[in-house]
Amino acid sequence: MNDAPTPTPTGAPTGAATRRGPLREGERVQLTDPRGRMHTITLTAGKEFHTHRGRFAHEDLIGRPDATTITNSAGVEYLVLRPLLPDFVLSMPRGAAVVYPKDAGQVVQMADVFPGAVVIEAGVGSGALTMSLLRAVGDGGRVHSFERRADFADIARGNVETFFGGEHPAWRLTVGDLVESLPASGLSAAAGTGADRAVLDMLAPWECLDAVADAVAPGGVLICYVATATQLSRVAEAARTSGRWTEPEAWESMVRGWHLEGLAVRPQHRMVGHTGFLVTTRRLADGVTPPLRKRRPAPGAHSEDTGAQAPGQDAGPGGDDGTGYDGTGYDGTEYGDRPVSDRKARKAAREAAAGAAASHSATLAGGTPTTPSAVDPATTCADAAEHEG
């Protein structure tokens, strides 16, 4: 299998054209009113932006520079900006919950995702983290993304193509189970073609640690994003039990903004608190035994009363607790996940596809052709309604 990315004809990095030059039809722009309220619109000839306080035509913005202002029919002035990646992520169509920018930034930094890296991503969701990974690896890298739900994959594909102005040459998207699909990806530590990094954003990442270890090169970084302390504990214990990973480390981050107005400088009343935990570890070389831990575990650390997984306990698919990654009796509700309705997913997929088409047209109008990405044609889903529940 030849996974070498196709070079961009112009030599410019993919997506660079969408970040420069005058505003074009098909682009998304972010409007901010005098009260700080934001609106995101896609510039379309013949359309108008309406609120209860006036309107203006989209044509009034097409061809104007970025970071400009426009006044509507009622005299209300708006600041007009191209959305940054964090802005785009928080306003794009979504099916699954997105990885917040504060966490995506830490994933890229703490996993040391570098230009040209080969990265495994499992759990694409709406494509928020995918865009950060593609930005980090560049056109010369490779992001192998795996998503079990075809409708989520369609949403992610539309969002990624919208943001980059077309298909990204470094992205390979596969719809299917991670454990089943990894062998066909050509990523193998034993064969010397192992991935450099792996990022798991799924409900039960502990079910996939052995399969990921087979596909990640020695020294490679694994980082898992989980929502609850129960999941965090199970990932850490499974990594220790496996014997193929270094001692895991975990943390969370919270972001609190500050109010700045004259001498009234104080913390904002709202903040982005807990979104998820990040746990990271590194792949050991084959045959290497990790050093024994020197610290003594706290009393009750592996108590049966707490339901915590003890070292050596089987955590494989279809375990006795019925929460295997293979889906048997597993819907995520025990971790507080609320299921996404089919109707919401279909709507988000339509919006994402429309945004991708508009962004692609805007890129072509700007004179920068796009290149086809290495999306597996066998995984394309034409009907988002037919998917695994």
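As a basis for the values below, the full set of heavy atoms in this structure was taken, side chains included, without hydrogen atoms, waters or symmetry mates. Only a predicted model underlies this, so the values are computations on that prediction, with no experimental measurement involved.
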Does the R53 side chain pair with the main chain of N72, one donor and one acceptor, at a distance under 3.5 Å? no
Answer whether the closest heavy-atom distance between the side chains of L178 and L200 falls below 4.5 Å. yes
Under a plain distance cut-off of 3.5 Å, with no hydrogens placed, do Q106 and W251 share a side-chain donor-acceptor pair? yes
Please determine whether residues V98 and L173 belong to a single hydrophobic cluster, defined as Ile, Leu, Val, Met, Phe, Trp and Tyr linked transitively by side-chain heavy-atom distances below 4.5 Å. yes
Are V221 and F114 joined in one hydrophobic group, where the rule is that I, L, V, M, F, W and Y side chains link up if heavy atoms are under 4.5 Å apart? no
Heavy-atom side-chain contact between L182 and I120 under 4.5 Å: yes
Quick one: sort the H168 and F164 rings into parallel, tilted or perpendicular, breaks at 30° and 60°. perpendicular
Taking atom types as modelled, find out whether S126 and N159 have a side-chain donor-acceptor pair closer than 3.5 angstrom. no
Within a radius of less than 6.0 Å around CZ of R64, do more than 12 heavy atoms belonging to other residues, nucleotides or ligands occur? yes
Please report the C-alpha distance between F56 and L61 in whole Å, then the side-chain angles of each, then the deciding distance to 0.1 Å, and finally whether the side-chain contact (heavy atoms from CB on, under 4.5 Å) criterion is met. CA-CA 9 Å; F56 65 81; L61 287 177; 3.8 Å; yes
V108 with V137, same ILVMFWY side-chain cluster at under 4.5 Å: yes
Check the surroundings of atom NZ in K102: do more than 12 heavy atoms from other residues, nucleotides or ligands lie under 6.0 Å from it? yes
Take H39 and Q30 through the test side-chain hydrogen bond (donor to acceptor under 3.5 Å, both in side chains) and record every step on the way to the result. CA-CA 6 Å; H39 309 269; Q30 182 175 281; over 6 Å; no
Shortest non-hydrogen separation from L209 to A239 and the atoms involved: CD1-N, 3.6 Å
Report, as yes or no, whether the 6.0 Å neighbourhood of atom CD on Q268 holds more than 12 heavy atoms from other residues, nucleotides or ligands. yes
Under 4.5 Å between side-chain heavy atoms, hopping through other hydrophobics if needed: is there a path connecting V29 to L84? no
Do E237 and R234 sit within salt-bridge range, that is, some charged N less than 4.0 Å from a carboxylate O? no
Nearest non-hydrogen partners of T18 and G15, listed with the distance: OG1-O, 2.6 Å
Mind checking whether L79 and V76 sit in one hydrophobic cluster, side chains of I, L, V, M, F, W, Y counted as touching below 4.5 Å? no
Has the side chain of S341 got a donor or acceptor atom that lies under 3.5 Å from a matching backbone atom of K344? yes
Criterion side-chain contact (heavy atoms from CB on, under 4.5 Å) on E27 and T42, from CA distance to verdict: CA-CA 5 Å; E27 278 195 287; T42 300; over 6 Å; no
Who are the salt bridge (Lys or Arg N to Asp or Glu O under 4.0 Å) partners of R350, not counting sequence neighbours? none
What ring pair (Phe, Tyr, Trp, His ring centres under 6.0 Å) pairs are there with at least one residue in residues 74-95, not counting sequence neighbours? F49-Y78, F88-F163
Under 3.5 Å donor-acceptor, T193 side chain and G186 backbone: yes
Rounded to the nearest 0.5 Å, how far apart are CG of L81 and CE of M38? 8.5 Å
Distance in Å, H50 NE2 paired with S73 OG, rounded so as to fall on 0.5 Å steps: 8.5 Å
Pairwise side-chain contact, R197 with D112, heavy-atom cut-off 4.5 Å (strictly under): yes
Answer yes if the side chains of H58 and E48 hold a donor-acceptor pair under 3.5 Å, and no otherwise. no
Stepwise side-chain contact (heavy atoms from CB on, under 4.5 Å) test for V255 and M271: CA-CA 6 Å; V255 176; M271 67 177 293; over 6 Å; no
For R266, does the CZ atom sit with more than 12 other heavy atoms under 6.0 Å from it, leaving out its own atoms? yes
Mark yes or no for whether E147, through its side chain, and V124, through its backbone, hold a donor-acceptor pair below 3.5 Å. yes
Under a 3.5 Å distance rule, please check whether S181 uses its side chain to pair with a backbone N or O of D177 as donor and acceptor. yes
Side chain D154, main chain D151, donor-acceptor under 3.5 Å: no
Qualifying residue for side chain to side chain contact (heavy atoms under 4.5 Å, CB included) with R244, from L222, V216, D214: D214
Before you tell me yes or no, could you show the steps for D286 and R283 under salt bridge (charged side-chain N to carboxylate O under 4.0 Å, His left out), namely the whole-Å CA-CA distance, both residues' side-chain angles and the distance that decides it to 0.1 Å? CA-CA 9 Å; D286 293 333; R283 166 76 151 84; 3.0 Å; yes
Residue pair V80 / T69, side-chain heavy-atom distance below 4.5 Å: no
Distance-only donor-acceptor check, side chains T246 and T281, under 3.5 Å: yes
Correct closest heavy-atom pair for G276 and D103 would be N-OD2, 4.4 Å
Distance check, rounded to the nearest 0.5 Å: D342 atom CG versus K347 atom NZ? 15.0 Å
Is a side-chain donor or acceptor of D196 paired with a backbone partner of A117 at a separation under 3.5 angstrom? no
Can you confirm whether L43 sits close enough to L23 that some side-chain heavy atom of one is under 4.5 Å from a side-chain heavy atom of the other? yes
Can you give me the closest heavy-atom contact between V89 and R94, atom names plus distance? O-NH2, 3.7 Å
Which value, rounded to the nearest 0.5 Å, describes the distance between L278 atom CG and Y225 atom OH? 7.0 Å
Smallest separation among heavy atoms of Q231 and L203, with atom names: NE2-O, 2.8 Å
Do we see a donor-acceptor contact under 3.5 Å between the side chains of S145 and W171? yes
Say you draw a straight line from CZ of R37 to CG of L31; how long is it, rounded to the nearest 0.5 Å? 12.5 Å
Spacing of OG belonging to S233 relative to CH2 belonging to W206, to within rounding of 0.5 Å: 9.5 Å
Could you check whether atom NE2 of H259 has more than 12 heavy atoms from other residues, nucleotides or ligands sitting under 6.0 Å from it? yes
Where is the tightest heavy-atom contact between A170 and G138, given as atom of each residue plus distance? CB-O, 3.4 Å
So with a 6.0 Å cut-off around CD of E249, is the heavy-atom count from everything else above 12? no
Would you mind reporting whether R172 and V143 have side-chain heavy atoms less than 4.5 Å apart? no
Under 6.0 Å from the CZ atom of R19, do we count more than 12 heavy atoms belonging to anything else shown? yes
Sub-4.5 Å side-chain heavy-atom contact between C208 and M202: yes
Go through V265 and W258 one step at a time and tell me if the side-chain contact (heavy atoms from CB on, under 4.5 Å) criterion holds. CA-CA 7 Å; V265 179; W258 280 67; 4.0 Å; yes
Taking the side chain as every heavy atom from C-beta outward, state whether R28 and T162 have any atom pair closer than 4.5 Å. yes
Could you tell me whether a side-chain N or O of D139 sits under 3.5 Å from a main-chain N or O of T14, the two making a donor and an acceptor? yes
